[in-house]
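Everything on this sheet refers to the single structure shown next.
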Amino acid sequence: MERSLLSERRKLAAGKRQMVKSVERAIDPEPARASWLLEQAINNLSLGLIIFDKKREVVFCNKRYMEIYGLSSEQVKPGTPTSELIQHRLNLGLKVLSKPDDYIRERVGSAVIPGTTVHEFTDGRIIAYTVYPMPDGGGMATHDDITGREELSTRLKMQYELGKQQEENLRIRNLQFDTAINNMSQGLCFFDAAQRLIVCNDRYVEMYDLPPDRVGPGTPLAEIVDMRFQAGSFPAMSRDEYLHWRSNIAVSAKPTESIVELRNGRTFKIRHRPMPDLGWVATHEDITEQRRSEVKIEYMAHHDSLTGLANRVLLNERLEHAIGRIDRDEMVAVHHLDLDQFKAVNDTLGHPAGDKLLKIVADRLRGLVRQTDTIARMGGDEFVIVQSPIIDPADATSLAQRVIRLMSEPYDINGQQAVIGASIGIAVGPGDGSSADKLLRNADLALYRAKGDGRGTFRFFEPAMDLQMQTRRVMEQDLRKALPAGEFELYYQPVVNLANSDISGFEALIRWNHPERGIVSPAAFIPLAEEIGFIVPIGEWVIRQACVTAARWPGHLRVAVNISAVQFRNPGLMQVIVGALAASGLDPTRLEIEITETVLLHNKEATLAVLHQLRALGIRIAMDDFGTGYSSLTYLQCFPFDKIKIDRSFVKDITENSGSLNIVRAVAALANGMGMTATAEGVETREQLDQITSEGCAEMQGFLFSQPIPAHEIERLFLSGYDAWKGLGGIVAA
C-alpha cells in the first residue's frame with residue numbers, strides 16, 4: 001500500500017513539473033487571457049499550490065491551498081512571509097518534533113530542498129507536502145490532503161493483517177484439530193451424503209487394519225468396507241450385509257449406538273450421529289477389554305470364586321425361574337447339603353487343603369446332576385442343589401442317596417486321605433413352598449433335623465420342623481434377655497474325698513430361672529448358647545460368680561467351673577479368669593477349670609499354651625467326661641492334668657456291665673499311674689460307691705451324697721459347722 005502511494009505521488013510531481021513547463025511555453029501574445037487561463041487551471045487543481053521567492057515570501061497560492069488551511073486571500077497575498085504560513089499551520093495543530101521557533105527557522109533559513117514530507121495534524125488530517133525548487137532560488141510547493149487515502153490504506157492494511165492472523169489461526173486450529181483427532185482413543189470418521197470419506201483419524205485406520213495410503217478424502221464407504229473385509233476386521237456377516245446395514249443407518253438420519261463383535265475377537269462400540277447435510281460422523285471405540293471385564297464382573301457377581309458354582313444371587317434367580325416353569329404335574333426339589341467332619345479336615349490339614357476338598361466336592365456334585373439342575377455354594381461347607389423338574393419326591397430321594405454315598409468316598413488331598421460325610425435337608429415345591437425363600441428356609445430346617453439325627457443322612461421337610469424352629473427361636477430370644485435380667489443362678493454339687501470322707505470342693509452348675517417355664521435344665525439351653533455364641537458372656541458370668549461365692553468358703557475348699565470349647569477359643573478368656581480372681585480375692589489354687597477333650601481338637605498348640613498359663617497361676621485343670629469323646633491318650637501325655645473325671649454313663653452301669661467296670665478300672669489306674677486324681681461322677685447308690693472305691697477312684701460326686709443345690713443351701717447344710725455336714729458325710733464313711 002505504501003509503494004502504491006509513493007508511485008502516485010511521483011506521477012503527480014511529474015505532472016506538476018510538466019504543467020509549469022507548459023505554462024512557460026504557452027505565453028500568449030495576449031498576456032491577460034493567458035494569465036486568466038493559467039489561474040483558472042491552477043485554482044481547479046485538487047492540490048494546494050503555493051509559489052514563493054528566494055526571500056521566502058509568497059508569490060502565488062491557489063484556492064485549494066487556502067481551503068486546506070482555512071486561509072483568507074489577505075493572509076496569503078503576495079509578499080506574505082512563508083514563516084507566517086508555517087506558524088499558521090503550527091497553530092492548526094501541526095505535529096513537529098522540535099520547538100515551534102526552531103522548526104520555522106529550519107524551514108525558511110535553509111535552501112529549498114526537493115522532496116515530499118507527510119504532515120500530521122492533531123485533528124487527524126494528513127497532508128502530503130512536496131517542494132520543488134525554482135531557478136531563481138525560490139520554490140513551489142504542493143499540499144495534498146491524503147487523510148482519506150491514508151485511512152483507507154490503514155484499513156486495508158489492518159484487513160490484510162487480520163486476514164493473515166485469521167489464516168494463521170485457521171492453520172493452528174487445523175493443526176490442533178488434526179492433533180486432537182489423531183490422539184483420540186476412539187476412531188473417528190466423517191462421511192458426506194454420497195457416502196464418501198471426508199476425514200478420518202489415525203486411530204480409525206489402526207483399529208480396522210486399513211492401508212493408510214488407500215484411505216483419504218473421497219474414498220467411498222464401499223471401498224473401505226472391502227479393505228476391512230480383506231483385513232479380517234469384520235463382523236460375522238457378509239460384505240453386502242454389512243454395507244447394507246451401515247447404509248441403512250446412514251440414511252435413517254437418526255443417532256444410533258451399536259455394539260459390533262468382529263471376527264478377530266475385538267468388540268467395538270459405534271456411535272453414529274447424522275449431519276445436517278445428510279452426511280454423518282461416527283466414533284468407533286474398542287471396548288474389548290471393557291466387555292471382558294464386564295463379563296468377568298458379571299460372572300463373579302453370580303458365582304462362587306472358589307468352586308465356580310452358582311452363588312446365592314444366581315441360586316435365587318435360578319430357583320425362582322424353576323418355580324415359575326413347573327406345571328401342575330411337576331415339582332422342584334431343593335437339597336440343602338452340609339458336609340460332616342469338614343472342620344476337622346480344616347483343623348488337621350489346613351485351610352488350603354480344605355479349599356481343595358471343597359473344589360473336589362463341587363466336581364463330584366457336577367457329575368451327579370442334570371443340565372436343568374443348579375448347584376450353588378452357600379458359603380463355608382454348605383451347598384444347595386435345585387433339582388428341577390421332578391415328577392415324584394422319590395427322584396429327590398434318589399439324588400440325595402447318591403450325593404451322600406459319593407460325598408463319603410475318600411478324598412486324596414495332596415497325598416493325604418480325608419474322609420467326610422454329608423447331611424441333606426430337602427424341601428419339595430410347591431407343596432413345601434411356592435417361593436425361593438420359603439423353599440430354602442424349609443430345606444434348611446430339614447437339614448437341621450438331619451444333622452440332629454446323627455448326620456450322614458437326609459430328611460424331608462415336615463411342618464413340625466417349622467414349629468420346632470419357632471420354639472428354638474423364642475428360646476434364643478429369651479436366652480439373650482436372661483443374662484441382663486438376672487435369671488441365671490449357680491447351683492453347687494459337693495465333691496467328696498473318698499479317703500477321708502471330707503468335702504474337697506464344689507462343682508458350679510448353672511440353672512436358668514425362666515420367668516414362665518421355671519427352672520430350665522442346662523441340657524436344654526447350653527447347646528443353643530454354644531451354637532449362637534452366647535455361651536461366652538454366660539461363661540464369663542459363671543466364672544466371676546463362682547469366684548465371688550467360693551471366696552466366702554473355708555480356705556481348703558475348691559470350686560470347679562466348666563469351660564466349653566467355644567468359650568475356650570475366645571481370646572479374652574485368660575483376662576476374664578484373672579479379673580475374676582482379682583475382683584473376688586480368691587486364691588488361684590482354689591479354682592479348678594474343667595474342660596472336655598473337644599477343647600483340644602481346635603488349635604491344639606494355642607490351647608495348650610493357655611492351659612500352661614493357667615497352671616502357672618496355680619489354677620487346677622481337670623479333664624471332664626473322659627471316655628465319652630475322642631479319648632486320645634496323647635492329650636494326657638501332652639499336658640499334666642490334675643484330675644480325670646469319669647463320666648456318669650460308665651458309673652451308672654458299673655455294677656451290671658463288665659465293660660463299664662473295665663473302663664472305670666482302666667481310667668482310675670491310668671490317673672493314679674500319672675499322678676492325677678480320678679473322680680467318679682453320677683454316683684447314686686452304695687453299690688456304685690463301693691465299686692469305684694475298690695477300683696481306686698479318689699473322689700466322687702453324685703446324688704448319693706447331694707444333688708446340686710443353691711449357694712445358700714450349701715452354706716446352710718455343709719458350711720455352717722463341721723458337725724452339720726460330717727454327719728451326712730457318714731454315708732461315705734459307713
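Each residue takes its place number in the sequence, starting with 1. As the structure is a prediction and not an experimental result, all values here were calculated from the model.
- Closest approach of Pro527 to Ala523, counting heavy atoms only: CD-O, 3.4 Å.
- The residues Arg480 and Glu476 are annotated as salt-bridged, a charged nitrogen and a carboxylate oxygen being separated by less than 4.0 angstrom.
- If you take CG on Leu365 and CG on Leu337, they are separated by 6.0 Å, rounding to the nearest 0.5 Å.
- Taking a cutoff of 4.0 Å between a charged side-chain nitrogen and a carboxylate oxygen, Lys343 and Asp347 qualify as a salt bridge.
- Considering all non-hydrogen atoms of both residues, Gln545 and Tyr492 come closest at O-OH, 4.1 Å.
- Ring geometry for Phe718 against Phe506 counts as tilted: the plane angle lies between 30° and 60°, on a 0 to 90° scale.
- Note that OG of Ser649 is 11.0 Å distant from CD1 of Ile654, once rounded to the nearest 0.5 Å.
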Contacts table for residues 697-708: side-chain donor-acceptor under 3.5 angstrom, sequence neighbours left out:
{"residue": "Glu699", "atom": "OE1", "partner": "Lys643", "partner atom": "NZ", "Å": "2.9"}
{"residue": "Glu699", "atom": "OE1", "partner": "Thr679", "partner atom": "OG1", "Å": "2.8"}
{"residue": "Glu699", "atom": "OE2", "partner": "Ser504", "partner atom": "OG", "Å": "3.1"}
{"residue": "Gln701", "atom": "OE1", "partner": "Lys645", "partner atom": "NZ", "Å": "2.9"}
{"residue": "Gln701", "atom": "NE2", "partner": "Gln493", "partner atom": "OE1", "Å": "3.0"}
{"residue": "Gln701", "atom": "NE2", "partner": "Glu507", "partner atom": "OE1", "Å": "2.7"}

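- Taking 4.0 Å as the cut-off between side-chain N and carboxylate O, Arg590 and Asp587 do not count as a salt-bridged pair.
- In this structure, Arg364 is positioned above the aromatic face of Tyr411, its NZ or CZ under 6.0 Å from the six-membered ring centre and within 45° of the axis.
- One distance of note links CD1 of Ile692 with OG1 of Thr655; it measures 11.5 Å at 0.5 Å rounding.
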- prompt: When you look at Glu487 and His514, which way does the side chain to side chain donor-acceptor pair (under 3.5 Å) test go after all the steps?
  reply: CA-CA 6 Å; Glu487 296 173 5; His514 193 281; 5.7 Å; no

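- If you check the side chains of Thr596 and Asp624, you find no donor sitting under 3.5 Å from an acceptor.
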field: Derivation of the side-chain contact (heavy atoms from CB on, under 4.5 Å) call for Asp653 and Leu661
entry: CA-CA 8 Å; Asp653 299 330; Leu661 175 61; over 6 Å; no

- request: Report the C-alpha distance between Cys547 and Leu581 in whole Å, list the side-chain angles of each, state the deciding distance to 0.1 Å, and finish with yes or no for side-chain contact (heavy atoms from CB on, under 4.5 Å).
  value: CA-CA 6 Å; Cys547 289; Leu581 290 171; 4.1 Å; yes

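- Using a 4.5 Å heavy-atom threshold, the side chains of Phe458 and Val403 count as separate.
- Arg377 places no side-chain N or O within donor-acceptor distance of the main-chain N or O of Phe383, the cut-off being under 3.5 Å.
- In this structure, Leu349 and Ala418 approach most closely via the heavy-atom pair CD1-CB, 4.4 Å.
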Worked check of side chain to side chain donor-acceptor pair (under 3.5 Å) between Asp304 and Thr307: CA-CA 6 Å; Asp304 173 55; Thr307 63; 2.7 Å; yes

task: Give the C-alpha distance, both sets of side-chain angles, the deciding distance and a yes or no for salt bridge (Lys or Arg N to Asp or Glu O under 4.0 Å) between Asp642 and Arg615.
output: CA-CA 10 Å; Asp642 296 287; Arg615 168 63 64 77; 2.9 Å; yes

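- A donor-acceptor pair under 3.5 Å is formed between the side chain of Ser694 and the backbone N or O of Gln691.
- Taking a cutoff of 4.0 Å between a charged side-chain nitrogen and a carboxylate oxygen, Asp690 and Arg686 qualify as a salt bridge.
- Annotation for Glu540 and Gln567: closest pair N-NE2, 3.6 Å, computed over non-hydrogen atoms.
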Step-by-step side-chain contact (heavy atoms from CB on, under 4.5 Å) determination, Leu439 to Phe461: CA-CA 9 Å; Leu439 285 174; Phe461 170 77; over 6 Å; no

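- Panel note: side chain Ser398, backbone Asp395; no donor-acceptor pair is recorded below 3.5 Å.
- When every heavy atom of Gly696 is checked against every heavy atom of Asn672, the shortest pair comes out as O-ND2, 3.2 Å.
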- request: Begin from the C-alpha positions of Arg455 and Thr457 and carry the test side chain to side chain donor-acceptor pair (under 3.5 Å) through to its verdict.
  value: CA-CA 5 Å; Arg455 302 177 181 270; Thr457 187; over 6 Å; no

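- Side-chain contact between Val361 and Leu339: present, with at least one pair of heavy atoms (C-beta onward) separated by less than 4.5 Å.
- Gln387 and His335 share a side-chain donor-acceptor pair at under 3.5 Å.
- Nearest heavy-atom pair across Asp381 and Leu358 is CA-CD2, 4.2 Å.
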task: Under the salt bridge (Lys or Arg N to Asp or Glu O under 4.0 Å) rule, what do Glu695 and Arg665 come out as? Steps first, then yes or no, please.
output: CA-CA 5 Å; Glu695 296 301 335; Arg665 180 180 298 155; 2.8 Å; yes

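- Each of Val384, Val386, Leu445 was evaluated against Leu440; a single residue qualifies, Val384, per the side-chain contact (heavy atoms from CB on, under 4.5 Å) test.
- Rounding to the nearest 0.5 Å gives a distance of 6.5 Å between CG of Leu368 and CG of Leu399.
- Relative ring orientation between Phe525 and Phe488 is described as tilted, the plane-to-plane angle lying within the 30° to 60° band.
- In this structure the side chain of Gln688 never reaches within 4.5 angstrom of the side chain of Arg648, judged on heavy atoms.
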task: Output, in order, the C-alpha distance, side-chain angles, deciding distance and verdict of side-chain contact (heavy atoms from CB on, under 4.5 Å) for Leu490 and Thr549.
output: CA-CA 10 Å; Leu490 288 186; Thr549 301; 5.6 Å; no

- prompt: Given Arg366 and Asp363, is the salt bridge (Lys or Arg N to Asp or Glu O under 4.0 Å) satisfied, shown in steps?
  reply: CA-CA 5 Å; Arg366 288 187 182 98; Asp363 290 338; 2.7 Å; yes

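- When atom types are taken as modelled, the side chain of Asn662 and the backbone of Ser658 share a donor-acceptor pair closer than 3.5 angstrom.
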